[in-house]
Amino acid sequence: MEIFARKTLRLKDYDYSQNGAYFITICTQNRYPYLAVGADRCVRPNMGYEIIERWLKEIPGHFEYTEIDKYSIMPEHIHFILRIDRPSGRGGHIGPPLQKMLQWFKTMTTNEYTKAVKNGLVQPYNKRLWQRGYYEHIIRNDEDYIECMKYIEENPIKHSLDT
């Protein structure tokens, strides 16, 4: 019997705790639209949207030297740019890697969303709120950064045209 081995999307030997900007996409399980409602879902956020937005804004408060530059919360996924900018002069792993930050974010949002489900405030999810893993792109230069910002800004407009 063959066992499926998950392919990693991460760069081998890349230190994801180093300074830089990262374009992140996280999807809901089975891309179900938990984070907005209605035919014009992109412009009508629900409490699920508010939970995600609140914890996204908490990342810089929980992880030193991080900031969220831009974000877009769609019905079934989120995009954001996370910047790590630690003071220079420190060697080695000087902070948690990106993976730990995103794991914390997914845990916190899932916990609060679950409480909201139990209180009848949001729709229940099936087994998991988030898909396993996430997509990340290391932003390498100013042009790449501008393209990522543009994508985040235009994605809700494009998405509303698709629905």
Side-chain angles (χ1 to χ4, degrees), residues 4-11 16-17 20-84 95-139 144-163:
F4 176 74
R6 289 182 62 87
K7 277 179 80 172
T8 181
L9 299 174
R10 313 295 157 247
L11 291 177
Y16 283 91
S17 66
Y22 302 89
F23 172 79
I24 309 294
T25 300
I26 304 174
C27 298
T28 59
Q29 184 70 11
N30 299 320
R31 294 186 69 94
Y32 192 83
Y34 296 113
L35 310 180
V37 295
D40 55 345
R41 298 180 303 198
C42 294
V43 294
R44 292 185 45 213
N46 63 10
M47 187 169 185
Y49 177 105
E50 293 169 11
I51 291 168
I52 303 315
E53 183 176 48
R54 181 171 37 258
W55 285 106
L56 194 59
K57 290 178 178 180
E58 283 292 321
I59 291 173
H62 191 76
F63 297 99
E64 258 190 323
Y65 310 115
T66 62
E67 58 186 85
I68 303 297
D69 282 353
K70 186 80 172 170
Y71 66 90
S72 176
I73 302 171
M74 307 295 290
E76 68 288 317
H77 66 283
I78 61 173
H79 299 295
F80 59 97
I81 294 175
L82 184 137
R83 181 182 296 277
I84 301 172
L98 184 64
Q99 177 183 359
K100 292 290 182 197
M101 294 179 204
L102 299 179
Q103 179 183 23
W104 176 86
F105 170 77
K106 289 168 101 176
T107 298
M108 301 311 286
T109 54
T110 299
N111 288 346
E112 187 171 342
Y113 193 96
T114 301
K115 288 176 189 171
V117 168
K118 289 178 180 176
N119 290 320
L121 302 172
V122 294
Q123 63 182 340
Y125 55 89
N126 185 14
K127 297 181 184 175
R128 300 172 66 120
L129 178 60
W130 299 111
Q131 281 185 3
R132 188 173 171 188
Y134 57 90
Y135 169 80
E136 122 278 317
H137 166 74
I138 302 164
I139 299 174
D144 194 11
Y145 184 84
I146 291 166
E147 283 299 312
C148 290
M149 291 284 274
K150 183 178 172 185
Y151 184 86
I152 289 171
E153 289 172 0
E154 294 177 355
N155 194 242
I157 298 163
K158 180 180 178 261
H159 190 273
S160 67
L161 296 174
D162 291 343
T163 57

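Just the heavy atoms: all of them, side chains too, but no hydrogens, waters or symmetry mates, feed the values below. Note that this is a predicted model, so its numbers are computed, not measured.
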**Prompt:** Which residue pairs pass the salt bridge (Lys or Arg N to Asp or Glu O under 4.0 Å) test with at least one member in residues 114-127, sequence neighbours excluded?
**Reply:** none
**Item:** Distance in Å, Lys150 NZ paired with Lys70 NZ, rounded so as to fall on 0.5 Å steps
**Value:** 13.5 Å
**Prompt:** Are Gln99 and Tyr134 close enough, and set up right, to give a side-chain hydrogen bond (donor to acceptor under 3.5 Å, both in side chains), and what steps lead you there?
**Reply:** CA-CA 9 Å; Gln99 177 183 359; Tyr134 57 90; 5.3 Å; no
**Item:** side chain to side chain contact (heavy atoms under 4.5 Å, CB included) partners for Tyr151, two or more places apart
**Value:** Phe23, His79, Asn155
**Asked** Which is it for Leu82 and Phe80 under the side-chain contact (heavy atoms from CB on, under 4.5 Å) test, yes or no, and what are the steps along the way?
**Response** CA-CA 6 Å; Leu82 184 137; Phe80 59 97; 4.1 Å; yes
**Message:** In the structure I gave you, are the side-chain heavy atoms of Gln131 and Ile26 within less than 4.5 Å of one another anywhere?
**Reply:** no
**Message:** Testing Leu35, Ile152, Thr28, Ile24 one by one against Ile78 for a side-chain contact (heavy atoms from CB on, under 4.5 Å), which residue passes?
**Reply:** Leu35
**Message:** Please give me the minimum heavy-atom distance between Gln29 and Arg128, naming the atom from each residue.
**Reply:** CB-O, 3.1 Å
**Prompt:** Given Leu56 and Phe105, is the side-chain contact (heavy atoms from CB on, under 4.5 Å) satisfied, shown in steps?
**Reply:** CA-CA 7 Å; Leu56 194 59; Phe105 170 77; 4.0 Å; yes
**Prompt:** Any side-chain heavy-atom pair from His77 and Arg31 closer than 4.5 angstrom?
**Reply:** yes
**Request:** Before giving the answer on side-chain contact (heavy atoms from CB on, under 4.5 Å), spell out for Asp144 and His137 the whole-Å C-alpha distance, their side-chain angles and the decisive distance to 0.1 Å.
**Result:** CA-CA 10 Å; Asp144 194 11; His137 166 74; 2.7 Å; yes
**Complete:** Between Val122 and Met47, the two heavy atoms sitting closest are CG1-CB, 3.7 Å
**Request:** Enter the distance from Thr66:OG1 to Arg83:CZ here, rounded to the nearest 0.5 Å.
**Result:** 11.5 Å
**Message:** Any side-chain to backbone donor/acceptor pair from Asn46 onto Tyr34? Under 3.5 Å, distance only.
**Reply:** yes
**Residues Thr114 and Tyr125: side-chain donor-acceptor under 3.5 angstrom** = yes
**Request:** Give a yes or no on whether the backbone of Lys106 and the side-chain of Thr109 come within a donor-acceptor separation of less than 3.5 Å.
**Result:** yes
**Message:** Ile68 vs Ile81, test: side-chain contact (heavy atoms from CB on, under 4.5 Å). Steps then yes/no.
**Reply:** CA-CA 6 Å; Ile68 303 297; Ile81 294 175; over 6 Å; no
**Prompt:** If you take all heavy atoms of Pro60 and Glu67, which pair is closest and at what distance?
**Reply:** CG-CA, 3.8 Å
**Trace of the side-chain hydrogen bond (donor to acceptor under 3.5 Å, both in side chains) decision for Trp55 with Glu112** = CA-CA 9 Å; Trp55 285 106; Glu112 187 171 342; 2.5 Å; yes
**Request:** Output the distance between atom OG (Ser72) and atom CD (Glu153), rounded to the nearest 0.5 Å.
**Result:** 9.5 Å
**Request:** First locate atom CE of Met74, then atom OG1 of Thr25, and finally report the distance between them rounded to the nearest 0.5 Å.
**Result:** 10.5 Å
**Request:** Please answer whether the main-chain N or O of Glu53 pairs with a side-chain N or O of Tyr71 as donor and acceptor at a distance below 3.5 Å.
**Result:** no
**Asked** Hey, are the side chains of Tyr32 and Gln123 touching, using non-hydrogen atoms and a 4.5 Å cut-off?
**Response** yes
